[in-house]
Amino acid sequence: MIHVKKAFVIGHPIKHSRSPLIHGTWLAEHAIEGSYEAIDVAPEELPAFVGRLRDGEFAGGNVTIPHKEAVFALCDEVDPLAQRIGAANTLVRQPDGCIRGFNTDYMGFLGNLDQNAPGWDAGLGEVIVLGAGGAARAIVVALEERFAGVIHVLNRTREKAEAFNALSDRVIPGSIDEFGPLAPFARLVVNTTSIGMHGTKFDNLPLDRLTADCTVTDIVYTPLITPLLADAKALGLTTVDGLGMLLHQAVPGFEAWFGVRPEVTPALRAKIEATL
Ligand code: NAP
C-alpha cells in the first residue's frame, strides 16, 4: 500500500488561502506523493479536527485566523518560541501521536528580508514596528534574535503596545503619531497593521523623515505594493513586500511533514503573485 502523506491549512474562512498553491507546487516539484488541502474549520470544530490529526489522518498542517491562539491548548507540546510569541501557525504530528505546535511567522519574516534585502540586519540599531497584534509579536521576537537595539512598537491602541514590554525588554511602546521624531534614527520600519489591505493608507506618516539607509517592509501583501511601500520607494528607500514572508513561513512546515526542505524560487513567487 502506498502511504500518502496529507497536510492541511485550517482557518475560518479559508478559501482565499494561497497555501495550497505553495505546497502543491513543492509537492509536484519534488514528485512527492502527498496532498495539502484548505479546510474550513469553525472555532467549535477545532478540538474535533485536532483529534483527526492526533489519530493519524494527517502529518500536520497550518493554522490561520482565528485559530492561532486557540490551538495552543490543544497541542501536546509547544515549541518554546511559539510559547513566547503566544501563537502557533504550524502543527506537526509526532510518531507517537503527540501534536507539536510551532510558530514559523518569525522565520518567514527573517527569510524574506534575508533573501530580498541582504545585509538589512548589519549593525541593526533602532527599529519601528507599526502594530501590536499577533504578527507583531512574532516579528519582535525575530528582531531580537537579530540584535535590534531598540524596538519601537507603535500602535493605534497604545495599551496593546505597552503589553509588549512583557515580551521583550528591547521594546519601547508608543502610539503611531510618535513616528515622526523616531523616524530619523530607524534602520528598519515594519508595518504589521492591517493598514494597506485593499489600498488603505496611514494618515500622516512622515516617511520623508526616514534616512537613506532605512529599509521599509510591509507584511500586508494584498496589494503587493501597498501605499506605504509605494511612498517609501518614491523616496528612494529600500523596500521589501510581504509576499516573501508568506512563502518563507511555509518552508519549515513542508520540511517537517514531507521530509524535504523546499526552496522559495522566483518561479514560485511569480506563480503566487499572479493570483494576487
Ligand atoms: P491582529 O492581531 O488582528 O492585529 C491587527 C493590528 O492592526 C493591530 O495592531 C491593530 O491595532 C492594527 N489595525 C487594524 N486596523 C487599524 C486601523 N484602521 N488603524 C490603525 N491600526 C489598525 O492581526 P495580525 O495577525 O497581527 O495580522 C496583521 C496583518 O498582517 C494582517 O493584514 C495579516 O493578513 C498580515 N499578515 C501577513 C503575514 C505574511 O505572511 N505576510 C503573516 C501574518 C499576518 P489595534 O490594536 O489598535 O486594533
Side-chain angles (χ1 to χ4, degrees), residues 9 11-19 21-23 62-72 82 85-90 102-117 128-143 151-164 167 171 173-179 189-205 216-229 239-254 264 268-269 272-273 275-276:
V9 56
H12 187 66
I14 198 61
K15 70 174 187 290
H16 297 299
S17 173
R18 268 94 185 172
S19 293
L21 190 54
I22 299 171
H23 290 278
N62 289 121
V63 178
T64 188
I65 296 168
H67 304 312
K68 283 186 181 187
E69 285 90 18
V71 80
F72 246 68
I85 293 165
N89 69 339
T90 301
F102 298 86
N103 186 306
T104 66
D105 275 343
Y106 95 104
M107 295 175 231
F109 173 76
L110 294 176
N112 185 28
L113 286 175
D114 288 344
Q115 187 173 48
N116 296 301
I128 298 176
V129 174
L130 299 165
R137 290 183 67 84
I139 286 167
V140 164
V141 170
L143 288 169
I151 307 169
H152 297 280
V153 174
L154 308 183
N155 197 42
R156 174 179 61 178
T157 312
R158 201 179 201 285
E159 300 76 63
K160 277 176 74 180
E162 278 161 7
F164 274 56
L167 179 66
V171 167
S175 49
I176 292 178
D177 56 17
E178 289 168 48
F179 182 91
V189 174
V190 187
N191 175 42
T192 75
T193 75
S194 41
I195 297 182
M197 286 182 86
H198 318 297
T200 49
K201 275 192 87 152
F202 284 97
D203 296 328
N204 308 320
L205 200 67
V216 178
T217 185
D218 203 326
I219 71 165
V220 170
Y221 56 86
T222 49
L224 193 59
I225 307 300
T226 58
L228 173 72
L229 291 183
T239 58
V240 179
D241 65 59
L243 179 57
M245 177 171 167
L246 177 76
L247 301 173
H248 282 277
Q249 65 76 34
V251 170
F254 188 93
V264 174
L268 174 69
R269 191 187 148 89
I272 308 304
E273 207 178 313
T275 71
L276 298 180

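In listed order, ligands and their atoms are each counted from 1. From a predicted model like this one, the values you see are computed outputs, not experimental measurements.
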Give me the atom names and distance for the closest heavy-atom approach of T192 to A136. OG1-CB, 3.4 Å

Backbone, side chain, both or neither: what part of Q249 comes under 4.0 angstrom of ligand 1, heavy atoms only? neither

Does only the side chain of I195 get under 4.0 Å from ligand 1, or the backbone, or both, or neither? Count heavy atoms. side chain

With heavy atoms only and a cut-off of under 4.0 Å, state how M245 meets ligand 1: side chain, backbone, both or neither. both

Going by atom type alone, with no hydrogens or angles, which donor-acceptor pairs under 3.5 Å involve a side-chain atom of residues 64-71 and a protein atom two or more places apart or on another chain?
{"from": "H67", "atom 1": "NE2", "to": "V41", "atom 2": "O", "distance (Å)": "2.6"}
{"from": "K68", "atom 1": "NZ", "to": "D105", "atom 2": "OD2", "distance (Å)": "3.0"}

For the residue pair R269 and L243, establish whether any side-chain heavy-atom pair is separated by less than 4.5 Å. yes

protein heavy-atom neighbour closest to atom 14 (C) of ligand 1 works out as S194 OG, 3.1 Å

Partner residues of H23 under the ring pair (Phe, Tyr, Trp, His ring centres under 6.0 Å) criterion, sequence neighbours left out: W26, Y36, F254, W257

Please determine if I176 has a nitrogen or oxygen closer than 3.5 Å to a nitrogen or oxygen of ligand 1. no

pair I139-I219: side-chain heavy atoms closer than 4.5 Å: yes

What protein heavy atom lies closest to atom 32 (O) of ligand 1? Include the residue and the distance to one decimal. M197 SD, 3.3 Å

Nearest non-hydrogen protein atom to atom 28 (C) of ligand 1, with distance, is T192 O, 3.1 Å

Hey, what do you get for CD1 (I22) to CD1 (I272), rounding to the nearest 0.5 Å? 4.5 Å

Out of D241, D218, L229, which residue meets the side chain to side chain contact (heavy atoms under 4.5 Å, CB included) rule with L224? D241

Could you tell me, atom by atom, which parts of ligand 1 come under 4.0 Å of a heavy atom of G131? 9 (O)

Kindly compute the distance separating CG (L21) from CG (L268), expressed to the nearest 0.5 Å. 7.5 Å

Side-chain heavy atoms of V140 within contact of V153, under 4.5 Å: yes

Among all the protein's non-hydrogen atoms, which is closest to atom 17 (C) of ligand 1, and how far away is it? R156 NH1, 3.2 Å

Any V129 side-chain heavy atom under 4.5 Å of F164 side chain: no

Verify the contact flag for atom 22 (C) of ligand 1, where contact means a protein heavy atom under 4.0 Å away. yes

Protein heavy-atom partner closest to atom 6 (C) of ligand 1 - residue, atom, separation in Å: T193 CA, 4.0 Å

Atom 2 (O) of ligand 1: protein heavy atom closer than 4.0 Å? yes

Rounded to the nearest 0.5 Å, what separation is found between the CG atom of N155 and the OG atom of S175? 9.0 Å

Consider every N or O of L246 and every N or O of ligand 1, then say whether any pair is closer than 3.5 Å. yes

Name the residue from V240, D114, L143 that meets the side chain to side chain contact (heavy atoms under 4.5 Å, CB included) definition with F109. L143

Select the closest option to atom 24 (P) of ligand 1 among A135, G196, G244, A163, judged by heavy-atom distance. A135

Protein heavy atoms: any of them under 4.0 Å from atom 40 (O) of ligand 1? yes

So, is V220 polar-close to ligand 1, with some N/O to N/O distance under 3.5 Å? no

Can you check whether a protein heavy atom sits less than 4.0 angstrom from atom 9 (O) of ligand 1? yes

If you have a sec, work out which protein heavy atom is nearest atom 45 (P) of ligand 1 and how many Å separate them, to one decimal? T157 OG1, 3.5 Å

Does T193 form a side chain to side chain donor-acceptor pair (under 3.5 Å) with R156? I'd like the steps, not just the answer. CA-CA 9 Å; T193 75; R156 174 179 61 178; over 6 Å; no

Atom 11 (O) of ligand 1: of N155, L130, L154, the nearest heavy atom sits on N155

Taking the non-hydrogen atoms of A132, is any one of them nearer than 4.0 angstrom to ligand 1? yes

Which protein non-hydrogen atom lies closest to atom 30 (O) of ligand 1, naming both residue and atom, and how far is it? I219 CD1, 3.2 Å

Does atom 37 (C) of ligand 1 have a protein heavy-atom neighbour under 4.0 Å away? yes

Residue pair M107 / T90, side-chain heavy-atom distance below 4.5 Å: no

Quick one: nearest non-hydrogen protein atom to atom 4 (O) of ligand 1, plus distance? G133 CA, 3.4 Å

